[in-house]
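I have placed the structure first, in the form of structure tokens, so that the comments after it can refer back to it.
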Number of protein chains: 2
Amino acid sequence: MQALDDSALTHLAAYFRALSEPTRLRILNTLRDGEKNVGQITELTGCGQANVSKHLALLFEAGLVTRSAQGTSVFYAIADEATFELCDIVCGNVARIVERQFASATALKRQLGTIGRS
Amino acid sequence: MQALDDSALTHLAAYFRALSEPTRLRILNTLRDGEKNVGQITELTGCGQANVSKHLALLFEAGLVTRSAQGTSVFYAIADEATFELCDIVCGNVARIVERQFASATALKRQLGTIGRS
DNA sequence: CGCCGATTTGGCAATATAACCATAGGGAGA
DNA sequence: TCTCCCTATGGTTATATTGCCAAATCGGCG
């Protein structure tokens with residue numbers, strides 16, 4: 001990553017923010033195997049319909065999904081397959097982080113145990 | 001990306017949330033060329049010192065930076081170089097999104113112009 | 001021991017966000 | 001046209017977050 005100017009940082013932050021909610025990630029997850037309409041997504045996620053609609057609007061604004069009206073339905077789809085590659089990478093990062101945190105927690109526990117024994 | 005369970009989604013969302021603020025991205029940006037203490041980061045970012053400290057605490061909690069106390073100073077560093085690779089990829093995604101949005105805005109403008117002329 | 005610089009923490013006001021409810025809009029078909 | 005189904009929007013409440021200020025904490029040093 002080269003040094004980023006303020007505009008780029010703002011765009012970057014907006015993109016990350018769109019991905020920063022479990023509900024939205026769950027919605028994106030339901031779109032992995034192709035486009036779906038709002039009703040389907042609502043059912044698959046178990047969230048309220050209005051809620052799903054709002055999250056979809058947000059994802060659309062962020063450019064993460066595309067929308068296409070077909071009759072009375074609106075179908076949403078992943079705009080860019082790179083989104084999932086991204087999640088792959090982040091999953092790797094998260095795994096490393098959790099591992100590190102677990103390791104340091106273990107070390108701390110051991111030290112505390114030592115103190116207790118001294 | 002394989003289908004993710006709820007726990008993974010939560011971790012993923014937390015990671016993205018940590019990256020979803022321009023101020024935090026700016027802080028991470030200052031750490032690209034090596035570790036720095038809070039005072040240095042405060043000066044480089046131009047934010048309030050307490051504010052920087054809180055953001056650093058959040059980044060540390062999220063596992064994105066490491067901290068090491070040296071005397072009265074606390075030095076922070078990027079925990080994982082993959083963080084920057086991630087930003088690279090996202091920058092690519094964002095660039096495509098902005099491009100698409102610009103293109104559709106242009107198309108819309110042209111259509112509106114056509115309507116105006118008809 | 002007490003001071004001093006560096007960092008963290010707590011309190012506060014303003015803003016943003018998520019989920020829920022009810023309701024409005026919009027196209028399809030009778 | 002009227003109705004039905006799907007989707008979007010407005011309103012509300014509860015919660016989270018940001019940035020700033022002041023104060024507390026922590027380590028080192030005279």
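Side chains are part of it too, since the values below use all heavy atoms of this structure and drop only hydrogens, waters and symmetry mates. Chain naming here is simple, since letters A, B, ... match the order of the sequence lines and numbering starts at 1 in each.
At the phosphate of D:dT18, OP1 or OP2 sits under 4.0 Å from a side-chain N or O atom of B:R24. Taking side-chain N and O atoms only, A:S53 has no distance below 4.0 Å to OP1 or OP2 of D:dT9.
Considering only side-chain atoms of B:N51, the nucleotide from D:dT7, D:dC20, C:dT7 that sits closest is D:dC20. Checking C:dT8, D:dT7, C:dA16 against every side-chain atom of A:R17, the shortest atom distance belongs to C:dA16.
Residue B:G63 comes nearest to B:A79 through the heavy atom pair O-CB, 3.4 Å, listed as atom of the first residue, atom of the second, then distance.
Note: CD (A:E21) to P (D:dA16) measures 12 Å, nearest angstrom. Rounded to an integer number of Å, the gap from CG of B:L25 to P of D:dT18 is 12 Å. Remark: P of C:dA6 and OH of B:Y76 are 15 Å apart, rounded to the nearest angstrom. A straight line from CG of A:L58 to C1' of D:dA8 spans 14 Å, rounded to a whole angstrom. Separating the CG atom of A:L56 from the P atom of D:dA8 is a distance of 7 Å, rounded to the nearest angstrom.
Salt-bridge check for B:E21 with A:R17: passed, with a basic side-chain N closer than 4.0 Å to an acidic carboxylate O.
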Practice prompt. Using a 4.0 Å heavy-atom cut-off, write out nucleotides 22-30 of chain C from 5' to 3' as B (base contacted by protein), S (sugar-phosphate only) or - (no contact).
Written response: B-----S--

